[in-house]
Structures are given as C-alpha cells and as structure tokens.
Amino acid sequence: MTNQLSNSIDDIKFIAHRGLSTKYPENTLVAFQAAMQSSRVDILEIDIHKTIDDQLVVIHDPTIDRTSNGTAKIKNNTLEELQQYDYGFWKEIKYANQKLLVLEDVLELIAQSSKGLMIEVKQPQQYLDIENILINKLQQWDINSDKIVIQSFNKKFIKTLYNMGVSYQLGVLIDRKKHWYKKPRFKKISEYASFINVHQSVVSKRFTNKAQQHNLDVYAYTVNDDYKAEKLMHYSLQGLVSDNPETLLN
C-alpha cells in the first residue's frame with residue numbers, strides 16, 4: 001500500500017492469541033512461554049472456562065475434545081479429571097505432555113513479566129458465580145490492575161463486572177455474523193466498557209471513528225496475514241490480535 005498509514009507499528013499493541021498459537025499448541029505453557037519471550041508481544045490473550053470444582057481452566061472450547069486426547073465437557077468434570085489428558089500432542093508430537101493450565105499458572109507468568117494479560121471469559125452464563133471466582137483469584141496476585149483486561153461476548157457479564165467496581169479494563173467482543181450489517185450500540189457499550197474487540201472483517205474507518213467518538217478503544221481479531229494487518233493499520237486501531245504476532249508486519 002502506498003497511502004500513509006494512520007498508525008505506525010509503535011502505536012499498535014500486538015496481542016498473542018492463545019499464545020503463539022500458529023507454531024505451538026494453543027493455550028498451553030509452551031505457547032505462553034514463547035509469547036513471553038517475544039519482543040513483539042505486548043499482551044497475552046487467553047480463554048477461561050470453569051470446572052465443576054470451581055477451577056478456572058485455560059482452554060477455548062467448552063469441551064477438551066479438539067485440543068486434547070480426551071473427550072469431556074469442562075463444566076461436568078473436576079480439574080483433576082481434566083488434567084489426566086494431553087493438551088499438546090494434537091499439534092505435534094514434540095509438544096506432547098502439555099497439561100491443562102489453570103488461571104493461576106498464567107498469572108504467575110504475567111507477574112514476572114512486563115506484558116499484559118487479556119482474559120476472555122467464555123460462556124459465563126453457564127457458570128454460577130464465575131465473576132466472583134475470577135476477581136478473587138486476580139486479587140490474590142500482586143499484579144498491577146492496569147496489566148489486566150477482561151473481555152467477553154456476553155455484554156451482561158461485562159456489565160456485571162463494571163457494577164462490581166473492578167479496577168480492570170473491560171471490553172466487549174464483537175462477532176462478524178451479528179454485526180456485519182448492524183453496528184454495535186457504541187454509546188451503550190461505552191457506559192460499562194473501555195474497549196471493543198471486533199472481528200477483522202467488520203472493521204472500517206467509519207466503524208473505528210464511531211467507536212472512538214464514544215471513547216472506546218478498538219482491537220481487531222484474529223489477524224494473521226500482512227496484507228490484512230497493513231489494511232487495518234489505516235483505521236487507527238489500538239491493537240491487533242494474532243496467532244503469529246511475532247512475525248506479523250516484519
């Protein structure tokens with residue numbers, strides 16, 4: 001592209017989606033450690049669900065079927081039951097024996113790093129009291145609240161956190177299907193959130209301008225190729241979520 005970009009690379013936060021998940025098995029220790037060591041990564045992004053014994057486990061799906069050698073629903077099993085499976089072998093045999101992590105495993109990494117943490121709470125409506133369990137676990141760690149951001153597709157959940165008076169940045173995820181033709185209610189969202197994280201296909205100059213008129217930062221997910229990333233740089237975004245942020249736009 002020959003037009004001058006609205007953002008320089010220094011203006012953009014690069015967010016490692018489930019760790020460096022192009023190369024490593026997603027949401028595992030090896031993927032997170034690689035992200036922590038990358039000078040390009042500013043923020044680590046993770047997903048959490050809740051087990052039947054109230055443990056917050058780091059996994060994207062509501063089941064372990066896709067990313068382990070087992071079959072089980074997170075909400076119906078204990079942490080001990082779920083940790084008997086292998087969460088790395090499916091990617092490559094050299095990543096075998098990766099265990100299912102809990103939120104505390106990730107907080108330990110973040111506490112020792114200058115990088116931030118973006119927590120996506122998956123399907124919070126399924127999990128009784130997950131908001132209090134999450135905040136209690138976060139508060140047990142001596143981590144600057146400015147380093148933690150919490151997001152969800154569930155607006156009601158984010159509003160609940162806001163009403164609890166938490167000090168963490170809160171955001172709403174915006175999907176492609178629901179908002180391809182109908183734009184989000186930016187003003188309403190801005191009453192309880194400080195950012196939106198939107199599917200890359202929905203982003204436009206008009207979209208970001210409208211969001212930022214309501215003091216909402218805008219992040220785009222999941223951006224894995226240079227052409228798309230360069231196009232998005234014209235739209236004054238605050239961050240790009242990527243499976244391979246360490247090589248994006250190099």
Side-chain angles (χ1 to χ4, degrees), residues 1 3-18 21 42-43 45-48 60-62 116-126 130-131 146 148-166 168-245 248-249:
M1 292 186 179
N3 295 335
Q4 186 175 1
L5 300 181
S6 298
N7 289 88
S8 72
I9 286 181
D10 292 338
D11 296 326
I12 293 284
K13 291 182 179 178
F14 286 86
I15 302 162
H17 185 234
R18 311 176 199 171
S21 54
D42 301 295
I43 299 172
E45 189 267 355
I46 67 170
D47 310 283
I48 60 170
H60 178 270
D61 299 353
L117 176 64
M118 176 178 280
I119 303 169
E120 179 180 348
V121 182
K122 308 293 290 186
Q123 304 175 358
Q125 68 277 8
Q126 292 195 42
I130 191 173
E131 65 275 10
D146 291 342
I148 306 292
V149 299
I150 303 171
Q151 65 178 359
S152 180
F153 283 104
N154 189 309
K155 298 181 181 68
K156 184 177 179 180
F157 175 74
I158 296 301
K159 192 181 298 185
T160 296
L161 293 180
Y162 175 81
N163 290 333
M164 289 170 62
V166 302
Y168 310 108
Q169 297 177 61
L170 302 176
V172 171
L173 282 150
I174 304 295
D175 65 14
R176 171 174 51 185
K177 184 177 180 180
K178 189 181 295 184
H179 298 285
W180 183 256
Y181 296 107
K182 183 180 179 181
K183 296 297 181 280
R185 298 174 65 186
F186 296 113
K187 182 178 180 181
K188 195 72 176 175
I189 293 172
S190 69
E191 294 174 1
Y192 54 88
S194 61
F195 73 92
I196 55 175
N197 191 357
V198 59
H199 190 276
Q200 56 170 308
S201 64
V202 182
V203 180
S204 66
K205 189 70 173 177
R206 183 179 179 186
F207 184 101
T208 55
N209 286 345
K210 190 73 172 176
Q212 290 164 1
Q213 285 173 14
H214 294 284
N215 298 314
L216 288 168
D217 286 345
V218 181
Y219 300 89
Y221 72 89
T222 303
V223 186
N224 290 334
D225 68 86
D226 286 350
Y227 175 80
K228 186 64 179 181
E230 191 172 342
K231 181 179 179 181
L232 289 167
M233 294 280 283
H234 288 267
Y235 300 148
S236 299
L237 300 178
Q238 279 65 55
L240 297 176
V241 182
S242 177
D243 296 328
N244 47 263
L248 199 65
L249 293 174

Asker: Does any non-hydrogen side-chain atom of Tyr168 lie less than 4.5 Å from one of Leu161?
Answerer: no
Asker: His199 versus Lys177: any side-chain heavy-atom pair under 4.5 Å?
Answerer: no
Asker: Rounded to the nearest 0.5 Å, what's the gap from CG on Asn224 to OG1 on Thr222? Could you check?
Answerer: 6.5 Å
Asker: Let me confirm one number: the CD1-CZ distance from Ile174 to Phe153, rounded to the nearest 0.5 Å.
Answerer: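 Answer for the CD1-CZ pair, Ile174 versus Phe153, is 8.5 Å.
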Asker: Kindly give the heavy-atom pair with the smallest separation between Ser152 and Phe157, and that separation in Å.
Answerer: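 For Ser152 and Phe157, the tightest heavy-atom pair comes out as CB-CD2, 4.0 Å.
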Asker: Quick one: list whatever passes ring pair (Phe, Tyr, Trp, His ring centres under 6.0 Å) with Tyr219, sequence neighbours left out.
Answerer: Phe195
Asker: If you round to the nearest 0.5 Å, how far is OG of Ser236 from CG of Asn209?
Answerer: 7.0 Å
Asker: Please name all residues satisfying side chain to side chain donor-acceptor pair (under 3.5 Å) with Gln238, sequence neighbours left out, ordered by chain then number.
Answerer: Gln212
Asker: Where do Gly239 and Ile12 come nearest, in terms of heavy atoms and distance?
Answerer: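 Shortest heavy-atom separation between Gly239 and Ile12 comes out as CA-CG2, 4.0 Å.
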Asker: The criterion is side-chain contact (heavy atoms from CB on, under 4.5 Å); which residues satisfy it with Ile43, sequence neighbours excluded?
Answerer: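 Here the qualifying residues are Lys13, Ile15, Met118.
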Asker: Using a strict threshold of under 4.0 Å (side-chain N to carboxylate O), is an ion pair present between Asp47 and Arg18?
Answerer: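 Asp47 and Arg18: salt-bridged.
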Asker: Rounded to the nearest 0.5 Å, how far does CD of Gln151 lie from NZ of Lys122?
Answerer: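 Spacing of NZ (Lys122) from CD (Gln151) equals 9.0 Å.
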Asker: Taking salt bridge (charged side-chain N to carboxylate O under 4.0 Å, His left out) as the definition, give me every residue that meets it alongside Asp42, ordered by chain and number, with sequence neighbours left out.
Answerer: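 Testing Asp42 for salt bridge (charged side-chain N to carboxylate O under 4.0 Å, His left out), a comparison that skips the adjacent residues, returns none.
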Asker: Gln123: which residues meet the side chain to side chain donor-acceptor pair (under 3.5 Å) condition with it, sequence neighbours left out?
Answerer: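 For Gln123 the side chain to side chain donor-acceptor pair (under 3.5 Å) partners, ignoring immediate neighbours, are Gln126.
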Asker: What distance do Ile119 atom CD1 and Ile150 atom CD1 have between them, rounded to the nearest 0.5 Å?
Answerer: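 Atom-to-atom, Ile119:CD1 and Ile150:CD1 are 5.5 Å apart.
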Asker: Any side-chain heavy atom of Asn154 sitting closer than 4.5 Å to one from Val121?
Answerer: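 No. Closest side-chain heavy atoms not under 4.5 Å.
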Asker: What I'd like to find out is whether the side chain of Asn197 reaches to under 4.5 Å of the side chain of Glu120, using heavy atoms alone.
Answerer: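 A side-chain contact under 4.5 Å is absent here.
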Asker: Can you confirm whether more than 12 heavy atoms, excluding those of Lys210, are under 6.0 Å from its NZ atom?
Answerer: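 No, not enclosed.
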Asker: Using residues 185-194 as the side-chain source, report each donor-acceptor pair under 3.5 Å to any protein atom, sequence neighbours left out, with the distance given to one decimal.
Answerer:
{"residue": "Ser190", "atom": "OG", "partner": "Phe186", "partner atom": "O", "Å": "3.4"}
{"residue": "Ser190", "atom": "OG", "partner": "Lys187", "partner atom": "O", "Å": "2.6"}
{"residue": "Ser194", "atom": "OG", "partner": "Leu170", "partner atom": "O", "Å": "3.3"}

Asker: Would you kindly say whether Lys205 and His234 are connected by a side-chain donor-acceptor distance under 3.5 Å?
Answerer: no
Asker: Are Val223 and Val241 close enough that some pair of their side-chain heavy atoms sits under 4.5 Å apart?
Answerer: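 Not in contact.
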Asker: Does the pair Leu248 and Asp226 meet the rule for a side chain to side chain contact (heavy atoms under 4.5 Å, CB included), with working shown?
Answerer: CA-CA 6 Å; Leu248 199 65; Asp226 286 350; 3.7 Å; yes
Asker: I need the minimum non-hydrogen distance between Gln200 and Ala220, along with the two atoms involved.
Answerer: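 Heavy-atom minimum between the residues: CA-CB, 4.4 Å.
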Asker: Taking all non-hydrogen atoms of both residues, which atom of Thr208 and which atom of Tyr235 are closest, and how far apart?
Answerer: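 Minimum heavy-atom contact is OG1-O, 3.0 Å.
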Asker: How long is the span from the CD1 atom in Ile158 to the CD1 atom in Ile196, to the nearest 0.5 Å?
Answerer: 13.0 Å
